[in-house]
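Small disclaimer: the values here were computed from a predicted structure and weren't measured.
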Amino acid sequence: MNDTSDPMIRAEIRRRLSAAHLGKDAVIVDELRVNRGGARIDVAVVNGHIDGYEIKSDRDTLQRLDHQVGLYGQVADRMTLVVGESHRDEALLRIPDWWAVMVARRAGNGCRLVRDRRGRLNGATSIEALLRMLERHELIALLSGHGACKGASKRSLPDLVATAAGQIPRGEIVAFVRHALKVRTVFKALGGMSAYGRSAIICGPSSKDAGSL
C-alpha cells in the first residue's frame, strides 16, 4: 500500500540534497517564507539559485497548491513537486511546465523518490517578491550599500522595497537576496534561535559569511 507522509518524504529530500551539496556553498532549509509568510516552500536549497521542493504526500491534499504555485513562481529559480502517487495525475494539471516532478513511493519505513519529469529554469521571478523575502535590516543594508537608505528607519517596508526595486540593478538584488538568505540561515543555525535555524543544513563555506550583513 502506498501511503507516504510529509515527514518521510521530507527526510528523503533532505538526505538527497545534503549528499548532493556536501562541501558546496549552499544551505538547505525547511519552510522558506515567501510573501512575508503568505506561503512557505517545504524544503529549499539556496546557492547560486533558489531551488524549492514542495511536498504533497498521499496524506496531504492539493487544496493550497494553486495558491502556492503563484507565489513560488515569483521567487524560485527552480521548483520540484514531490508527490504521492495518489495525487500525481491531478497535481500535474495544476503546476506549470517548468516545475520538475518526483513521485514518492513507500519503501519499508521510508520512501524512495522517482523522477517523473525534468524541469527548467524559471524565467519570470519578481524583483519585488524577492525583496519581500528580506528582513527589514537586510533591506536597509542593501539600500545602504547603494546610498539609498536616507530616512530608512522611518519608512515603511513597501516603500523600502519600491525604492530598492527602482534604484538597484536586478542582478545585484538577486545576488544580495541569495547571500542574505544564506547568512541568515547560518546565523540562526549557529545560535539555534528558531526551528528554522535548528533544522538547517549548512553544506559548506556559507558559514564563513555569518554576520556579514
Side-chain angles (χ1 to χ4, degrees), residues 2-34 37 39-62 64-65 68-69 71-73 75-88 91 95 98-119 121-122 133 177-210:
N2 201 48
D3 183 26
T4 57
S5 66
D6 183 298
M8 69 173 62
I9 293 176
R10 190 179 298 261
E12 179 62 14
I13 293 171
R14 286 165 57 86
R15 184 195 69 77
R16 283 181 170 225
L17 293 179
S18 61
H21 294 278
L22 181 65
K24 299 179 182 179
D25 185 14
V27 297
I28 300 166
V29 297
D30 288 338
E31 308 298 335
L32 180 63
R33 291 176 54 190
V34 176
R40 296 172 187 263
I41 299 175
D42 284 326
V43 183
V45 180
V46 183
N47 49 19
H49 295 98
I50 298 175
D51 292 351
Y53 292 78
E54 181 60 25
I55 299 168
K56 297 298 181 188
S57 76
D58 292 295
R59 300 180 190 178
D60 294 326
T61 73
L62 302 182
R64 295 182 298 143
L65 184 57
Q68 292 166 327
V69 163
L71 292 180
Y72 299 164
V75 299
D77 299 295
R78 296 188 181 94
M79 280 297 306
T80 299
L81 177 68
V82 188
V83 63
E85 285 190 297
S86 64
H87 294 312
R88 178 203 174 268
I95 59 173
W98 62 270
W99 281 47
V101 177
M102 301 187 82
V103 176
R105 294 177 177 143
R106 189 72 180 258
N109 293 326
C111 70
R112 61 190 179 95
L113 306 182
V114 179
R115 183 176 297 280
D116 187 88
R117 185 175 86 184
R118 292 190 177 276
L121 277 174
N122 174 23
M133 296 182 78
V177 170
R178 293 169 184 160
H179 175 73
L181 291 174
K182 287 191 286 186
V183 170
R184 184 197 306 169
T185 300
V186 173
F187 183 71
K188 290 187 176 182
L190 293 177
M193 295 167 53
S194 65
Y196 172 95
R198 289 192 297 273
S199 67
I201 299 172
I202 313 303
C203 301
S206 292
S207 58
K208 298 177 182 178
D209 293 333

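Within the model, atoms CZ of Arg117 and OG1 of Thr80 stand 10.0 Å from one another, a figure rounded to the nearest 0.5 Å. To the nearest 0.5 angstrom, Glu31 atom CD is 8.0 Å from Ser199 atom OG. Here the straight-line distance linking atom CE of Met102 with atom CD of Glu54 works out to 15.0 Å at 0.5 Å rounding. If you take CD1 on Ile95 and OH on Tyr72, they are separated by 12.5 Å, rounding to the nearest 0.5 Å. Atoms NE2 and CG, on His21 and Asn47 in that order, are 5.5 Å from each other to the nearest 0.5 Å.
Taking all atoms of both residues into account, the shortest heavy-atom contact from Leu113 to Ala104 is CD2-CB, 3.7 Å. Heavy-atom minimum distance, Cys111 versus Ile9: SG-CA, 3.8 Å. Heavy-atom minimum distance, Val43 versus Asp30: CG2-OD1, 3.6 Å. Across Val114 and Arg105, no two heavy atoms sit closer than the pair CG2-NH1, 3.6 Å. Taking both residues in full, the closest heavy atoms of Asp58 and His87 are given as O-NE2, 3.7 Å, listed atom of the first, atom of the second, then distance. Annotation for Arg10 and Asp42: closest pair NH1-O, 2.8 Å, computed over non-hydrogen atoms.
Salt-bridge formation is detected for the pair Arg15/Glu12: a Lys NZ or Arg NE/NH1/NH2 atom is positioned less than 4.0 Å from an Asp or Glu carboxylate oxygen.
Open room surrounds CZ on Arg64; 12 or fewer heavy atoms of other groups in view lie less than 6.0 Å from it. For CZ of Arg115, the number of neighbouring non-hydrogen atoms (other residues, nucleotides, ligands) closer than 6.0 Å is greater than 12.
Remark: the backbone N or O of Gly73 is paired with a side-chain donor or acceptor of Asn122 at under 3.5 angstrom.
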**Request:** List the steps, then state whether side-chain contact (heavy atoms from CB on, under 4.5 Å) holds for Arg59 with Asp6.
**Result:** CA-CA 8 Å; Arg59 300 180 190 178; Asp6 183 298; over 6 Å; no
**Request:** Any chance you could lay out the salt bridge (Lys or Arg N to Asp or Glu O under 4.0 Å) test for Lys56 and Asp60, step after step, and finish with the verdict?
**Result:** CA-CA 6 Å; Lys56 297 298 181 188; Asp60 294 326; over 6 Å; no
**Request:** Mind running side-chain contact (heavy atoms from CB on, under 4.5 Å) on Met79 and Val69 for me, showing each step along the way?
**Result:** CA-CA 9 Å; Met79 280 297 306; Val69 163; over 6 Å; no
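Val186 places a side-chain heavy atom less than 4.5 Å from the side chain of Val27.
Each of Arg78, Arg178, Arg16 was scored for a salt bridge (Lys or Arg N to Asp or Glu O under 4.0 Å) with Asp51, with one residue passing: Arg78.
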